[in-house]
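Report on the following structure.
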Amino acid sequence: MVWRNTFLDPAQPGGWALLYNQQQFLADSNGVLFPRDWVKRQDLPILGEQGIGHFGDDAVYLLQLKPSATLEGCSWQSLRQFMLQGDAETFRMLAYAAQIGTWYAEHRYCGSCGTPTRQLPGERAMRCDSCESQHYPRISPSMIVLVTRGDEILLARSPRFVTGVYSTLAGFVEPGESVEHCVAREVREEVGVEVKNLQYIGSQGWPFPHSLMLGFHAEYASGEIVMQEDEIEDARWFRVDDLPPLPASRSIARHLIDLYVARRLGLPEPSLP
Ligand SMILES: NC(=O)c1ccc[n+]([C@@H]2O[C@H](COP(=O)([O-])OP(=O)(O)OC[C@H]3O[C@@H](n4cnc5c(N)ncnc54)[C@H](O)[C@@H]3O)[C@@H](O)[C@H]2O)c1
Ligand SMILES: [Mg+2]
Ligand SMILES: [Zn+2]
């Protein structure tokens, strides 16, 4: 089943409903999609509703619920769980839904004047009629980079990671800088190393909560590893044939590593997740 996001008018009846709050979806043994007209007859605290796209031929709507919402036989399941275990198209749908949900939850009032906003018909935007301003879903560009030195790659651990896992370096692009500048700055800040010969590999939308990952390979140029306090718990060079536990296979972090290892070892190259 293929997921395609589109703008659907929530005034239309029918279709499926996703029940969402704060990076979680209500799910039962059949999954996350519920008959929408049935859902509306339940006594659920609905904050808002968006028509977000088609799963196969079926219309899908996102119902934003209060955190207190419960439905018999259902439990809240995290988006991260679906990233780790769900099929690819379901994860794509939920990733889009979660970002629309986050944006909606954060723009119910105007950030300038505090007036309640309203959803614009026909467009994914929240409007403040008092300021005449529109607020679109927010995306945060971030770079992610694998620093390489021949048969070695530089991987690091954040204190937030699962025990033992090492990954590539990442960080948010700051206002006014290029992504290339961000790569050099973040690598310098996090591990004290200079890089050269950046190669853009590809990108990935990352819904935790609204990053757009721009992925690179970069060659080591100079410097000894100096770890940034609080952000980096450990950082070191690993040989491509002797790697630690790595991030989830669906992440671009993992792709950057797998791609470089495949190139060094002469294996078939993986495709972008
Ligand atoms: N898909 C992947 O493979 C993958 C791998 C690693 C990181 N990521 C994502 O990359 C992003 C950045 O990585 P990081 O955590 O190392 O970032 P980072 O090195 O910039 O440090 C994180 C810090 O940035 C600040 N911050 C939070 N949100 C921000 C925003 N929207 N804009 C600017 N600053 C913000 C906070 O102080 C936070 O503690 C995160 O969203 C993370 O989930 C994705
Ligand atoms: Mg970082
Ligand atoms: Zn306003």
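Remember, it's 1-based here, ligands and their atoms both numbered in the order they're listed.
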side-chain contact (heavy atoms from CB on, under 4.5 Å) between Trp76 and Gln22, intermediate numbers included: CA-CA 10 Å; Trp76 288 103; Gln22 287 177 333; over 6 Å; no
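- Those atoms of ligand 1 that come under 4.0 Å of a heavy atom in Arg138, given as number and element, are 31 (N).
- Counting heavy atoms under 4.0 Å from ligand 1, residue Glu186 touches it through the side chain alone.
- Distances from atom 5 (C) of ligand 1 to the heavy atoms of Val173, Thr168, Ile144, Asp230 put Ile144 nearest.
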Chi angles and distances behind the side-chain contact (heavy atoms from CB on, under 4.5 Å) call for Leu146, Leu155: CA-CA 8 Å; Leu146 179 68; Leu155 300 176; 3.8 Å; yes
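- Considering only heavy atoms from C-beta on, Pro137 stays 4.5 Å or farther from Gln99 through its side chain.
- Ligand 1 has an N or O atom lying under 3.5 Å from an N or O atom of Ser211, backbone or side chain.
- Contacts of Ser140 with ligand 1, taken as heavy-atom pairs under 4.0 Å, involve the side chain alone.
- The shortest distance between side-chain heavy atoms of Glu72 and Asp28 does not fall below 4.5 Å.
- With a 4.0 Å heavy-atom cut-off, ligand 1 is reached by no atom of Leu169.
- The proximity of Met143 to ligand 1, defined as any non-hydrogen pair under 4.0 Å, does not occur for either the backbone or the side chain.
- With respect to atom 8 (N) of ligand 1, the closest heavy atom belonging to the protein is Met213 CE, 3.6 Å.
- For the pair Arg92 (side chain) and Trp3 (backbone), a donor-acceptor distance under 3.5 Å is present.
- At a distance under 4.0 Å, a protein heavy atom can be found next to atom 21 (O) of ligand 1.
- With a cut-off of 2.8 Å, the Mg ion (ligand 2) has an N, O or S atom of Ala170 in range.
- Any N or O atom pair closer than 3.5 Å counts here, and Ala170 shares at least one such pair with ligand 1.
- Polar contact check, Ser167 against ligand 1: no nitrogen or oxygen pair lies under 3.5 Å apart.
- Listed by number with element, the atoms of ligand 1 under 4.0 angstrom from any heavy atom of Glu231 are 19 (O), 21 (O).
- Heavy-atom contacts of Glu190 reach the following atoms of ligand 1: 19 (O) (cutoff under 4.0 Å).
- Inter-residue side-chain proximity for Met83 and Leu94 is flagged as unmet; no heavy-atom pair is nearer than 4.5 Å.
- Distance check on atom 38 (C) of ligand 1: every protein heavy atom falls at or beyond the 4.0 Å cut-off.
- One of the N, O or S atoms belonging to Glu190 lies under 2.8 Å away from the Mg ion (ligand 2).
- The closest protein non-hydrogen atom to atom 32 (N) of ligand 1 is Phe172 CG, 3.6 Å.
- Vertex the Zn ion (ligand 3); arms to Cys113 SG and Cys131 SG; angle rounded to 10 degrees, 100°.
- Only the side chain of Arg160 comes within 4.0 Å of ligand 1, judged by heavy-atom distances.
- Tyr136 and Glu123 share a donor-acceptor pair across their side chains, judged by distance under 3.5 Å alone.
- Side chains of Val145 and Glu186 form no contact here, defined as non-hydrogen atoms less than 4.5 Å apart.
- For the pair Met1 and Glu89, the minimum side-chain heavy-atom distance is 4.5 Å or more.
- No donor-acceptor pair closer than 3.5 Å links the side chain of Gln24 to the backbone N or O of Pro67.
- Heavy atoms from both the backbone and the side chain of Ala253 come within less than 4.0 Å of ligand 1.
- Considering only non-hydrogen protein atoms, atom 18 (P) of ligand 1 sits nearest to Gly171 CA, 3.7 Å.
- Residues Trp237 and Ile225 are in side-chain contact: their nearest non-hydrogen atoms beyond the backbone lie under 4.5 Å apart.
- In terms of modelled atom types and a separation under 3.5 Å, the side chain of Tyr104 and the main chain of Leu47 share a donor-acceptor contact.
- Taking the side chain as every heavy atom from C-beta outward, His54 and Thr6 approach each other to under 4.5 Å.
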